[in-house]
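Below: one structure, written as structure tokens.
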Amino acid sequence: MSGAEQVNSVEGTVVGAVLQARTVTADTIVMQAPSTRVPVPRQLPPPVRTWVDRTVELERLDTLLAAAEPVRVVVTGLAGVGKTGLAVRWLDRHREHFRDGVLHVDLNGWSGHTPPTTRQVLAGWLRALGLSADEVPGDLAELTALYRTMTSDRTLAVLVDNARSTEQVQPLVPAAARGTILVTSRHRLAPLAVAGFRHIDLDCFPTPTGAVLLAGLLDEDRQPVGADMLHALAARCHGHPLALTMAGAHLAAHPRRDPARLLTRLNHHPPGQSSPLQAHALPVEGVLQMSYEDLDTATARLYRSLAEHPGAEFTADPLAAGLDVPVADVEQGLGRLLEGNFVTETRDERYRLHDVVRHHVRALADQDDEEARLAIRRRIIEWYLRRTAAADKVINPFPRRFSPVYTDLDTGIFPDTKAALDWVELERANLLAAQTVADDCGWSELVYQFGEVLWNPLRPNYTAAELVQSQFLGANAAADAGHILEIVCRTRQGFGETNLGHHEAAITICTVAVQRATEVGDPWLESGALSTRARAYLKADDPHAARADLERSLTIAEDMHDGRSVALRHRRLGETALHPKSTDAKLAGHHLRLAANMFAGIGDHIGHARTVLHLARALTLNEQPFEALSELTVIEQAVRDYGSIGYLADLCTALGQVHVALGDIAEARRHYDEAINHYTAAGPGADKGKTAVIALRAALDSDQPTA
């Protein structure tokens, strides 16, 4: 019978048990909807393409796995010796054994990057193991305990790369009786032996194995390299895998070149340079030096200039500005450096140096003229300053500005606010490093300008600690230079301290800003400092002091006929009227409605939206939830388009509270869930907001008030 002829029908009366399928389609019966499955985590980086030897080490790991005890191993050795490669190869070989998955983290031990915190690592792993974002606790002790619980009965493996200390590793050990953890480190981490860790010391390859590795790196269509020459090259590289890889890349990049030339140059290394003859000491630098000498002049200059870049990752544009050459030339040069394994590509057209290579770059740069180096460094930093200023103007075009960097800016490079915020997030580490390097170099005028340009980009997305540090540097630099931005940066430093919960420190800093603004006779700055101090008073549960500062600030703004400042002060007065110690929903609604209308009148859409978030709460407390929902619906798209994850989380929270007031619990829960996801994505800085929304959602299932 064909599918078209099949009939599935029941006539008459059915007696007895009845089984009803969800869907009947042709000859397939679906009994229930498919459940959502969390994929088994397989977080390992891909194995290296060329693999040789390490048989002894792999067999030892196999033996440990076969024993009836946890596998706990520290793989140690020189930089670039292949520690991670060994761990990845072995774990990938036994992937079927680890049926519950493999977790991985790079602790950046020697990369110069900030290592992830234990809290960040465990939170990410717990989510990978199937917990939803709101089930992940914020407290480190709770995180650790939950991680041990989650791993106690699972067969999984953990790879902890580039650990620098025992303390980093101990909380990451899985609790399962048959759990596996491999740690790679340049240190032996001897104290881990107490916890049952074994050590595998990874050495360089013997010459025959090094020759095999070299041969595997060469293209098939290359002019053949004889066995004797491969052995000689492997010996001169002392069997160091990274040095061998660099030598192989050199041979592959020059298929017509006689490999004897490479050997000769290794044997006759220039005086004064790191000698490749010191076995196990600096073999990589020797090969790097040889490869460096093969670079054309422009690419060699580009390579040395990487020492002047303030951050770990880089693109072509700031380097082109530093070298004062076309971007296309730098892009071509980076391509050559990538081909020679001098740099690695972290994502499309974004690069970083291997940490071993970084030492070589710095050693070369130290031989250059100091004045020329500083000129390159300053131009790179100035490029970041101007690009951040352009992003700042797109993110918030309204405030008064003081820095000369805002003159003749090309803001067209960012099509919208989201693009500007995304760029800042991608470059955030470089921007903060650029300000720090400028401070180290004594370039005060750049330091305080960074304080101004970073304010709007850092403020929306829970980067309070970074914001405080940036404004602290800016304020001190401006004070040294006698620049008015000292007051601006002090005020904004106080704002950030409030976000960190340091309310008394914020009040003190803002008081200094108020006094300085009064001394210089700038009412705009005085009004702003008073408003920010009022915010600190409010967070410190002193709404009466906050109201006094705000009323004084509002009077100053009205006397200046500064419409946006007046709107900001009314918004903050509305927030103050919603404080639990002095809640007056009608008064709050009055101030917030005034502020919302003023922001709309001057075309400040995000200022209007942020005000409506508070207005919705006032309306809800005033038993006007339908009007509150209407107001939030109007601003929802503007908030989503803006691109700030923090503002979006606030919006979802407000929508949840309004739907609670409307009695629509399912819709309230949906919005709370979305808010929690946004707070989680925002990182540790948003934990306080996340905790508050989790409590609101939990209250949906109890008799507690939720709005």
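Quick caveat: nothing in here was measured; it's all calculated off a predicted structure. Counting from 1, the numbers follow the sequence of the chain as shown. All values below were derived from every heavy atom in this structure, side-chain atoms included, with hydrogens, water molecules and symmetry-related copies excluded.
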Exercise. Kindly say whether Arg459 contributes a backbone atom to a donor-acceptor pair with the side chain of Thr463 at under 3.5 angstrom?
Key: no
Self-check item: Step-by-step side-chain hydrogen bond (donor to acceptor under 3.5 Å, both in side chains) determination, Thr76 to Lys83
Solution: CA-CA 7 Å; Thr76 66; Lys83 301 181 291 294; over 6 Å; no
Practice problem: Decide side-chain hydrogen bond (donor to acceptor under 3.5 Å, both in side chains) for Arg352 and Thr346; before the verdict, give the C-alpha distance in whole Å, the side-chain angles of both, and the deciding distance to 0.1 Å. | Solution: CA-CA 7 Å; Arg352 66 180 293 175; Thr346 59; over 6 Å; no
Self-check item: Salt-bridge criterion met for Glu452 and Arg401 (N-O under 4.0 Å)
Solution: no
Practice problem: Start with the C-alpha gap between Leu122 and Leu172, add the side-chain angles, then the distance that decides, and say whether side chain to side chain contact (heavy atoms under 4.5 Å, CB included) holds. | Solution: CA-CA 7 Å; Leu122 291 179; Leu172 308 181; 3.8 Å; yes
Quiz item: Could you give the distance from CG (Leu385) to CD (Glu445), rounded to the nearest 0.5 Å?
Solution: 10.0 Å
Self-check item: Heavy-atom donor-acceptor pair, Ser527 side chain to Pro523 backbone, under 3.5 Å
Solution: no
Practice problem: Would you check if there is a donor-acceptor pair between the side chains of Tyr448 and Asp439 at a distance under 3.5 Å? | Solution: no
Quiz item: Between the side chains of Gln43 and His104, does any donor sit under 3.5 Å from an acceptor?
Solution: no
Quiz item: Under 3.5 Å, is there a donor-acceptor pair between the side chain of Thr532 and the main chain of Ala529?
Solution: no
Quiz prompt | Donor + acceptor pair across side chains of Asn430, Glu427 (<3.5 Å) | solution = yes
Quiz prompt | Side-chain touch Leu159/Thr184, heavy atoms, less than 4.5 angstrom | solution = yes
Quiz prompt | Reference residue Glu382; test salt bridge (charged side-chain N to carboxylate O under 4.0 Å, His left out); the match among Arg386, Arg378, Arg379 | solution = Arg378
Practice problem: For the pair Tyr642 and Tyr647, name the ring-plane relationship: parallel under 30°, tilted 30 to 60°, perpendicular over 60°. | Solution: parallel
Quiz item: Do any N or O atoms from the side chain of Glu486 and from the backbone of Asn476 form a donor-acceptor pair under 3.5 angstrom?
Solution: no
Quiz item: What ring-ring contact (aromatic ring centres under 6.0 Å, His included) pairs are there with at least one residue in residues 314-337, not counting sequence neighbours?
Solution: His309-Phe314
Practice problem: Applying side chain to side chain donor-acceptor pair (under 3.5 Å), name anything that partners Ser185, two or more places apart in sequence or on another chain. | Solution: none
Quiz item: Hey, are Arg533 and Asp549 close enough for a salt bridge, meaning a charged N less than 4.0 Å from a carboxylate O?
Solution: yes
Quiz item: Do His360 and Tyr303 make the cut of ring centroids closer than 6.0 angstrom?
Solution: yes
